[in-house]
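Okay, so here's the structure we're looking at.
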Number of protein chains: 4
Amino acid sequence: MPKIVDREEYRRTLLLKSFEVFAKKGYAALSMRELAKELSVSTGTLYHYFPSKQELFEALVSHYSMLEAEKITPLVAQNLSLAEKVKLIFAFIEEYETAFRHWTAILFDLERAGLKEIIEGSAWRRSNELYSQHLKQILATDDDDIINFVMIYICGLVVHRIERGDEISLVEQEKLLLQFLQARIK
Amino acid sequence: MPKIVDREEYRRTLLLKSFEVFAKKGYAALSMRELAKELSVSTGTLYHYFPSKQELFEALVSHYSMLEAEKITPLVAQNLSLAEKVKLIFAFIEEYETAFRHWTAILFDLERAGLKEIIEGSAWRRSNELYSQHLKQILATDDDDIINFVMIYICGLVVHRIERGDEISLVEQEKLLLQFLQARIK
Amino acid sequence: MPKIVDREEYRRTLLLKSFEVFAKKGYAALSMRELAKELSVSTGTLYHYFPSKQELFEALVSHYSMLEAEKITPLVAQNLSLAEKVKLIFAFIEEYETAFRHWTAILFDLERAGLKEIIEGSAWRRSNELYSQHLKQILATDDDDIINFVMIYICGLVVHRIERGDEISLVEQEKLLLQFLQARIK
Amino acid sequence: MPKIVDREEYRRTLLLKSFEVFAKKGYAALSMRELAKELSVSTGTLYHYFPSKQELFEALVSHYSMLEAEKITPLVAQNLSLAEKVKLIFAFIEEYETAFRHWTAILFDLERAGLKEIIEGSAWRRSNELYSQHLKQILATDDDDIINFVMIYICGLVVHRIERGDEISLVEQEKLLLQFLQARIK
DNA sequence: AATGAATGAGGTTTCATTCAT
DNA sequence: TATGAATGAAACCTCATTCAT
């Protein structure tokens, strides 16, 4: 028997640590050599668990979208008023703002590096669809355009707050989004 | 009379052509050799006019952000219905989507490099305020929160379309934004 | 009774299977991982039985060269016409072509490594002489120059077919060699 | 203007030096780094002149087959008896025996490395065809099978003499080849 | 001013081999 | 004995950049 290792478990461990490193350096600027050093393993080990840099990264996207999805799930079950639901969404945004920024930073890095294939790859898409579906359940609507509007808005909120910080009043923005949704839903 | 070569003029010519190439290939995926070939000059010439790839790219973005600001101005003067104004905003977004992306990419670069001072610095702020003021004039409102909401939304639209492309129906989104504004303005 | 595992026997089993794999993929193009997978064992097991890839390969070639010598023997006893003898020689060449190639590849390895002493050593000579003597018996001649000519020709045929493959018509070549021998032998 | 270099001339210089290095080390065992070091240039320079290791090697094959072809050409023009022609062929073999060995060693290296693509590539084929055509002219025959027979024989002679050295009497072999050809040609 | 040859560090990936289990 | 995880050197190749001309 070889060194005892739960292959899947160790893969997860590597992905967990990798996320922070990718968030710090981006995709294109992070070499496999450097990632290996940060994870304190050899490049060979990295390639033992993941067939290529791209697949490693896609596994990371898959894995994290699941983790974050689990965090948002509890919101779905509860029976709340629209105002309370929007409040919950904003609370969630505030809590995971940093993670959202990392993801978006990586998105731009991929775009600039000409790696559209990854963005269009299934892992990233699935992650996006997951969020969409959660939003649908929370807001109890089937209108895709509304959902897209809210996704777009959340995305913009996170990015724009990099530039403007707390000049953007979350309290007022929450009111505006609520007003918009009240006019449209139900 | 000697042939007068305006150094600045030639730099601009190079940037002009470069923009298209960067837009097509992205930043990391475009090598200086390839760029030089596309511009029909030598790599040496490129380095004669720009000290590095990064500075060339930054000069390009800053050059273009000015051009864009100038282009949006004419819209302000016209007397249009709200529906027509929103249509104009969307037309503008569609036309300059690529430029917006590059601009936002720079934002993330700066954030990642810890150069918040530049984001908070005057040039970046002024650019943002310029857009805000244009929006205020176009929409004929003084409500900062509304303007912020629209800015956030536009920002999100551009970013989200990187991920989702034409899955996001601009026609439907335009309707939704119009509805939101109609309820709030006037 | 404990299960008796004959180490030497298992080595031979591994070599036997390895030969086919090497014949298909060549030496450098075949990694130990791939070989292990083809043999349905682990890389560790391979290294348990052979100290290195090279030694495994050399063991393989030396093992097979013996097998060949044994196989050619039966041909000698038969009483055949010259045409039939030449046909047999060609059939033999065709069947063991791959093995001949490996054998010759080893020869060049040794030459390049400056290990002329091995080529001039007894094992290699004996192997050569064995083939010579077989040829003498098959062709029923004592003329060393003729035998050398045929040995040279066979050697060249195998090597040249690496370059030219089936462009070299074995049927025609067989006719030519037969003609040559008919003119010289009796 | 850049450093003044006749690109084609310098390519030839690099190929010239490369031949010796490839002959010494073989194809698979010679890395581009090592080759660069032997040529006293950087790897970058190597890739500046040749797009890949394989193409460099194929250029080398092309180049050398031409050089050697030029050496053999003078033989063609002369009006000689068959005996004299065969004598010339043997004289040529003797003179270039070392080069032939190098080529054949490289051939085996390629085969073992699984690089059949190179052998089947046009450069190597063309080189072979060149020799064939020269032989045709020298021997004044159009019979491809005869030419192949002689090519095979020459190839075998060179290889077999590695094993047997001067035990193989060139004088006797020359006589035998002459006899064979006299029976077949005219 | 303009060229493109030259550099060499660094990119991703493969591989023979070792060793804890 | 047998396993396969782990290693890290080294493979081919690309690239931003420098510099002689």
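Within every chain, numbering begins at 1; the chains are lettered A, B, ... in the order of the sequence lines, protein sequences first and strands thereafter. Predicted, not measured: the structure shown is a model, and the values here were computed from it. Below, each value reflects all heavy atoms present in this structure, side chains not excepted, and no hydrogens, waters or symmetry copies.
Using a 30° and 60° split on the angle between ring planes, B/Phe108 and A/Phe108 fall in the parallel class, below 30°. By the 30° and 60° cut-offs, the orientation of the rings of D/Tyr64 relative to D/Phe19 is parallel.
The CG-C1' distance, from C/Leu35 to E/dC15, rounds to 13 Å in whole Å. Separating the OH atom of D/Tyr10 from the C1' atom of E/dA5 is a distance of 9 Å, rounded to the nearest angstrom. Atom CE in D/Met32 sits about 8 Å away from atom C1' in F/dC12, given to the nearest Å. As rounded to whole Å, 13 Å separates atom P of F/dA5 from atom CZ of A/Phe50. One can place CD of C/Glu34 at 14 Å from C1' of E/dA16, the figure rounded to the nearest angstrom. Here the C1' atom of nucleotide E/dA5 and the CG atom of D/Asp6 are 13 Å apart, to the nearest Å. Going from atom CG of A/Leu14 over to atom C1' of F/dA6 covers 12 Å, rounded to whole Å. When the P atom of E/dT13 is taken as reference, atom NZ of D/Lys53 falls 20 Å away, rounded to whole Å.
Taking every heavy atom of both residues into account, B/Ser52 and B/Tyr47 meet most closely at CA-CE2, 4.1 Å.
OP1 or OP2 of F/dA11 has at least one side-chain nitrogen or oxygen of D/Ser31 nearer than 4.0 Å. Considering only side-chain N and O atoms, C/Tyr49 lies nowhere under 4.0 angstrom from the phosphate OP1 or OP2 of F/dT1. For A/Arg7, no side-chain nitrogen or oxygen approaches OP1 or OP2 of F/dG4 to under 4.0 Å. Phosphate proximity of E/dA2 to B/His48: absent, as no side-chain N or O sits under 4.0 Å from OP1 or OP2. Side-chain N/O atoms of A/Thr45 include one lying less than 4.0 angstrom from OP1 or OP2 on F/dT7. In terms of phosphate contacts, A/Ser42 brings a side-chain nitrogen or oxygen within less than 4.0 Å of OP1 or OP2 of F/dT7.
Checked by distance alone, C/Arg33 brings no side-chain donor or acceptor within 3.5 Å of a matching partner on the base of E/dT14.
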Only pairs under 3.5 Å count here: list side-chain donor-acceptor contacts from residues 98-105 of chain D, not counting sequence neighbours, and write none if there are none.
from	atom 1	to	atom 2	distance (Å)
D/Arg101	NH1	C/Glu111	OE2	3.2
D/Trp103	NE1	D/Glu68	OE2	3.2
D/Thr104	OG1	D/Phe100	O	2.8

Between side-chain atoms of residues 20-40 of chain D and protein atoms elsewhere (two or more places apart, or another chain), which donor-acceptor pairs fall under 3.5 Å?
from	atom 1	to	atom 2	distance (Å)
D/Lys25	NZ	D/Glu34	OE2	3.3
D/Ser31	OG	D/Glu34	N	3.1

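Residue-to-nucleotide proximity on DNA chain F shows that, of C/Ser40 and A/Val41, the 5′-proximal contact is made by C/Ser40. Judged by closest nucleotide on DNA chain E, D/Leu46 is the one of C/Ala28 and D/Leu46 placed further toward the 5' end.
Residues A/Arg11 and A/Tyr49 form a side-chain contact, since some pair of their non-hydrogen atoms from C-beta on lies under 4.5 Å apart.
Among the atoms of the strands shown, only primed sugar atoms or phosphate atoms (P, OP1, OP2) are found under 4.0 Å from some heavy atom of B/Leu30. Base contact: A/Thr43 has a heavy atom under 4.0 Å from a base atom.
A distance-only check finds no donor-acceptor pair linking the side chain of B/Thr45 to the backbone of B/Val41 [under 3.5 Å].
A/Glu58 and A/Trp124 share no donor-acceptor pair across their side chains, judged by distance under 3.5 Å alone.
Taking a pair as Watson-Crick or G-U wobble with both distances under 3.5 Å, the runs of three or more consecutive pairs in DNA chain F are E:2-21 with F:2-21.
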